[in-house]
Amino acid sequence: MFDEIATKIAARIQERVAAQFQSKVKVSIEQPKQNSFGELAIPIAFQLARELKRPPRQIAQELAGEIEHMPEVASLEIAGNGYINVRLARGAYAESILRADGAKSAGSARAEKIIVEHTNINPNKAAHIGHLRNAILGDTFVRMLRRRGNLVEVQNYIDNTGVQVADVVAGFHHLEKYGAAQVRASIADNSKRFDYLCWDLYARVSAYYQDNPEALEWRAETLHAIEAGKGELAELGHLIADAIVQAHLKTMARLGIRYDLLPRESEILHLQFWAAAFELLKQRGAIYFEEQGKNKGCWVMPASAFRESAAGGGEAADDSKVIVRSNGTVTYVGKDIAYQLWKFGLLGKDFFYRIWSREGDGHLVWVTSDTPDSERPPTFGHASRVFNVIDSRQSYLQDVVVAGLRALHFPEQAEASVHFSYEMVALTPRTCVELGIPIPEEDKTRSYIEVSGRKGLGVKADDLIDKLIATALAEVEHRHPEAPPEERRTVAEQIAVGALRYFMLKFTRNSVIAFDLHEALSFEGETGPYVQYTAVRAGNILRKFEERGGKLPIFRDVLNAQALERGFQTENIWQLLLAGSKADSAIERAIGAGEPAHVAKYAFQLAQSFNNFYHEHSVIAEQDAERRTMLLWLTAYVREQLLSILNVLGIEQPPYM
RNA sequence: GGGGGCGUAGCUCAGGUGGAUAGAGCACCUGCCUUCUAAGCAGGUGGCCGCUGGUUCGAGUCCAGCCGCCCCUACCA
């Protein structure tokens with residue numbers, strides 16, 4: 001609502017600027033820092049002053065007349081050296097929200113498909129908090145896009161044939177002496193979580209390699225077997241990867257995160273995706289066969305393709321990226337180029353698909369397959385935009401992938417490939433100590449410490465979620481001793497998820513999160529539960545009102561512009577309505593900036609605004625009937641906006657807190 | 001060496017395309033629960049926005065040069 005009016009006013013001024021001053025300067029609209037300046041601030045006079053060589057104040061005067069009599073505008077003033085400050089007509093503004101209510105704008109639904117790839121955890125051990133940041137960021141971005149009406153396909157890439165899986169397979173085979181039957185039994189054994197078992201085993205294998213470098217032969221042997229798809233090692237690989245993927249999806253489901261398709265590396269190999277991409281790359285000269293130097297015998301992409309500085313920089317050949325190794329096997333980047341081509345429908349090949357799982361509400365999760373299946377899949381791929389949610393440490397690889405597209409003469413798709421990068425999640429020294437993670441003396445003064453999955457150090461996702469639930473449950477039990485235990489458990493889970501998702505979202509993407517357990521377990525201040533609590537409060541007002549014999553009217557029928565105009569003269573009541581009406585604006589801005597954090601920030605600010613209102617004004621006890629109706633409407637409206645924005649953040653609203 | 005990121009209150013972080021008196025949470029201090037739940041509200045303490053220069057009506061924001069920290073720079077992913 002807010003954006004529409006701002007745009008309308010800007011357009012009017014734009015016309016006048018063109019007509020009167022023959023200027024093409026773009027009219028921008030700002031929001032004043034101080035509420036007392038009004039709702040909109042237009043700094044156009046400053047820009048024109050330079051062009052016209054006239055005092056900005058004078059120009060502002062002339063332009064102000066243009067919008068003075070618009071019905072949306074209550075008053076305006078020329079402030080400072082030439083700001084045009086606009087005060088909106090409160091009654092009219094409120095009424096337009098009231099009338100629009102219920103007839104939600106369908107959004108700019110477009111046919112173009114957007115693929116968002118996220119999570120992408122190596123299927124060889126339990127998920128940790130770094131993976132949570134990836135999945136929550138990706139999932140929230142998906143929710144933002146869908147809210148706005150975009151068609152989005154969510155993919156979770158499964159690297160089931162890589163080194164990390166191979167290492168765990170080697171661990172079971174060589175260290176544990178497990179065969180397929182024993183691994184199956186281990187997966188089925190509910191007394192010890194399989195993904196946790198693999199977490200430890202992976203650390204043991206890594207340590208074993210350290211002490212016995214000759215054992216690295218196991219890895220090569222296992223990789224070879226997995227790639228060939230035959231023998232016991234390959235079978236172990238499949239068993240382990242599938243079981244771990246299942247565990248990951250279960251972990252993510254706890255946070256309301258799910259997927260449309262699980263593309264697997266095994267199919268990229270078996271269906272010859274790479275062979276097709278390789279042909280293209282060779283044909284179009286994107287890669288060449290290196291005859292000399294350290295990369296002799298490899299197919300490489302010249303550094304000039306993905307690094308501007310290398311173009312004229314002399315010894316750049318050293319920085320070339322190997323795509324096919326001298327032994328003929330393809331690197332991860334090569335496979336990723338093939339996959340990226342497929343996402344845009346440029347490879348000329350497709351996967352087969354089968355259903356991985358069918359969820360309670362009928363949602364289907366599909367997985368790629370190398371043979372046709374009886375179920376008919378929807379059309380996957382063929383996107384016009386692709387967002388890859390991958391941490392910033394891999395930006396070099398992502399650059400190479402995009403350079404591959406460009407070198408293949410797909411500049412549009414290269415442009416439409418976005419590396420949605422984010423910084424890592426590290427631990428504060430305090431948290432390391434608390435978790436018994438050893439840290440070197442010299443690191444104790446650092447603000448954060450990076451943990452190593454290879455060493456088995458870190459915070460497992462499910463452990464953190466469990467801890468959050470336990471903390472929330474203790475509080476819920478204390479506050480609501482009378483409530484049924486299962487219900488309290490559900491409430492605690494909702495609060496825990498709210499806290500976790502908000503925590504991962506409140507930081508902007510390129511800020512390293514120094515994960516602190518105390519901070520994460522806090523439910524006060526700028527947290528998810530604060531916002532949830534606010535929504536609960538708003539709900540309580542409406543519920544209590546009805547419990548005490550009140551009946552909520554159809555607000556549209558009983559409120560009119562005059563009543564609203566009167567009601568919204570009170571400043572913080574007006575500010576609350578205004579804040580509530582900026583939800584779409586916040587989402588739009590967040591998508592533009594690629595920052596889910598902006599949505600989180602907005603949710604918090606709206607909650608703050610409501611809590612302020614809550615303490616200043618008593619709704620149910622309000623004696624004046626017209627005013628009470630107005631306050632009830634405002635409460636209902638803000639509650640709706642809060643729930644709607646919480647939904648975008650993937651946070652549920654508990655019935656009570 | 002090259003590429004990328006970061007540096008804002010004691011701590012953790014926000015600061016739309018440059019705009020008015022630089023914000024929030026935590027921590028600390030003062031008040032406020034017989035009321036629609038105090039997981040809350042109001043107020044207070046706390047800032048050479050890393051440094052230096054430039055661009056201009058105006059710079060935390062843009063440019064250049066320094067200083068410091070982090071990540072990447074594999075025939076691992």
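Quick note on labels: first sequence line is chain A, next is B, and so on, each numbered from 1. Being a predicted model, the structure only gives us computed values, none of them experimental.
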Colleague: Between B/A20, B/G5, B/G40, which nucleotide has the shortest distance from any of its atoms to the side chain of A/Ala79?
Modeller: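 Per side-chain heavy atoms of A/Ala79, the pick is B/A20.
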
Colleague: Under 3.5 Å, is there a donor-acceptor pair linking the side chains of A/Glu487 and A/Tyr656?
Modeller: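 Note: A/Glu487 and A/Tyr656 side chains meet the donor-acceptor criterion.
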
Colleague: What is the nucleic acid contact for A/Val476, judged by heavy atoms within less than 4.0 Å: base, sugar-phosphate only, or nothing?
Modeller: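 Here A/Val476 touches the bases of the nucleic acid.
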
Colleague: Mind calculating the distance between CD (A/Gln605) and C1' (B/A14) to the nearest angstrom?
Modeller: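 Answer to the nearest Å: 9 Å.
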
Colleague: Taking only residues at least two apart or on different chains, which pairs with a member in residues 582-612 of chain A satisfy ring pair (Phe, Tyr, Trp, His ring centres under 6.0 Å)?
Modeller: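 Passing the test, one end in residues 582-612 of chain A: A/Tyr530-A/Phe604, A/Phe610-A/Phe613.
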
Colleague: Can you give the dot-bracket line for RNA chain B, where a pair is Watson-Crick or G-U wobble with both atom distances under 3.5 Å, crossing pairs use [ ], and | marks a partner on another strand?
Modeller: (((((((..((((.....[...)))).(((((.......))))).....(((((..]....))))))))))))....

Colleague: May I ask you to say what A/Arg479 touches in the nucleic acid, namely base, sugar-phosphate or nothing, with a heavy-atom cut-off under 4.0 Å?
Modeller: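 The answer is base, as A/Arg479 lies within the cut-off (heavy atoms under 4.0 Å) of a base atom.
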
Colleague: Mind jotting down which residue pairs meet the salt bridge (Lys or Arg N to Asp or Glu O under 4.0 Å) criterion with at least one end in residues 499-515 of chain A? Sequence neighbours excluded, please.
Modeller: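 Found A/Asp139-A/Arg501.
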
Colleague: Among the nucleotides B/A77, B/G16, B/A74, which one has an atom lying closest to any side-chain atom of A/Arg589?
Modeller: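 Nearest listed nucleotide: B/G16.
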
Colleague: From B/C36, B/C72, B/A77, pick the nucleotide closest to the side chain of A/Lys544?
Modeller: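 Among B/C36, B/C72, B/A77, the one nearest the side chain of A/Lys544 is B/C36.
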
Colleague: Taking the nucleotide of RNA chain B with the nearest heavy atom to each, does A/Glu519 or A/Ile495 sit closer to the 5' end?
Modeller: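 Final value for this comparison: A/Glu519.
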
Colleague: Each nucleotide in nucleotides 23-35 of chain B should get exactly one letter: B, S or -. Can you fill that in based on protein heavy atoms under 4.0 Å?
Modeller: -SSS---------

Colleague: With heavy atoms under 4.0 Å as the rule, sort A/Asn540 into base, sugar-phosphate or nothing.
Modeller: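 Base contact.
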
Colleague: With sequence neighbours excluded, what pairs up with A/Val402 under the side-chain contact (heavy atoms from CB on, under 4.5 Å) test?
Modeller: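 Counting only residues at least two positions away or on another chain, A/Val402 forms a side-chain contact (heavy atoms from CB on, under 4.5 Å) with A/Arg406, A/Ala414, A/Ser417.
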
Colleague: A/Tyr339: which residues meet the side-chain contact (heavy atoms from CB on, under 4.5 Å) condition with it, sequence neighbours left out?
Modeller: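 Testing A/Tyr339 for side-chain contact (heavy atoms from CB on, under 4.5 Å), a comparison that skips the adjacent residues, returns A/Glu117, A/Gln155, A/Tyr157, A/Pro263, A/Ile268, A/Asp336, A/Trp342, A/Lys343.
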
Colleague: For A/Asn510 and A/Glu450, take the nucleotide of RNA chain B holding the closest heavy atom to each; which residue's nucleotide lies nearer the 5' end?
Modeller: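 With A/Asn510 and A/Glu450 compared, the 5'-side residue is A/Asn510.
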
Colleague: Hey, does A/Tyr448 reach any base, or is it just sugar-phosphate, or nothing, if we go heavy atoms under 4.0 Å?
Modeller: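 Touches sugar-phosphate only.
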
Colleague: Can you list everything that forms a side-chain contact (heavy atoms from CB on, under 4.5 Å) with A/Thr329? Sequence neighbours excluded, please.
Modeller: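 Scan of A/Thr329 (side-chain contact (heavy atoms from CB on, under 4.5 Å), adjacent residues dropped) gives A/Glu227, A/Arg325, A/Asn327.
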
Colleague: Not counting sequence neighbours, which residues clear side-chain contact (heavy atoms from CB on, under 4.5 Å) with A/Lys33? List them please.
Modeller: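 Applying side-chain contact (heavy atoms from CB on, under 4.5 Å) to A/Lys33 gives none.
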
Colleague: Using the salt bridge (charged side-chain N to carboxylate O under 4.0 Å, His left out) criterion, which residues pair with A/Arg219? Sequence neighbours excluded.
Modeller: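 In terms of salt bridge (charged side-chain N to carboxylate O under 4.0 Å, His left out), with neighbours along the sequence ignored, A/Arg219 is linked to A/Asp167.
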
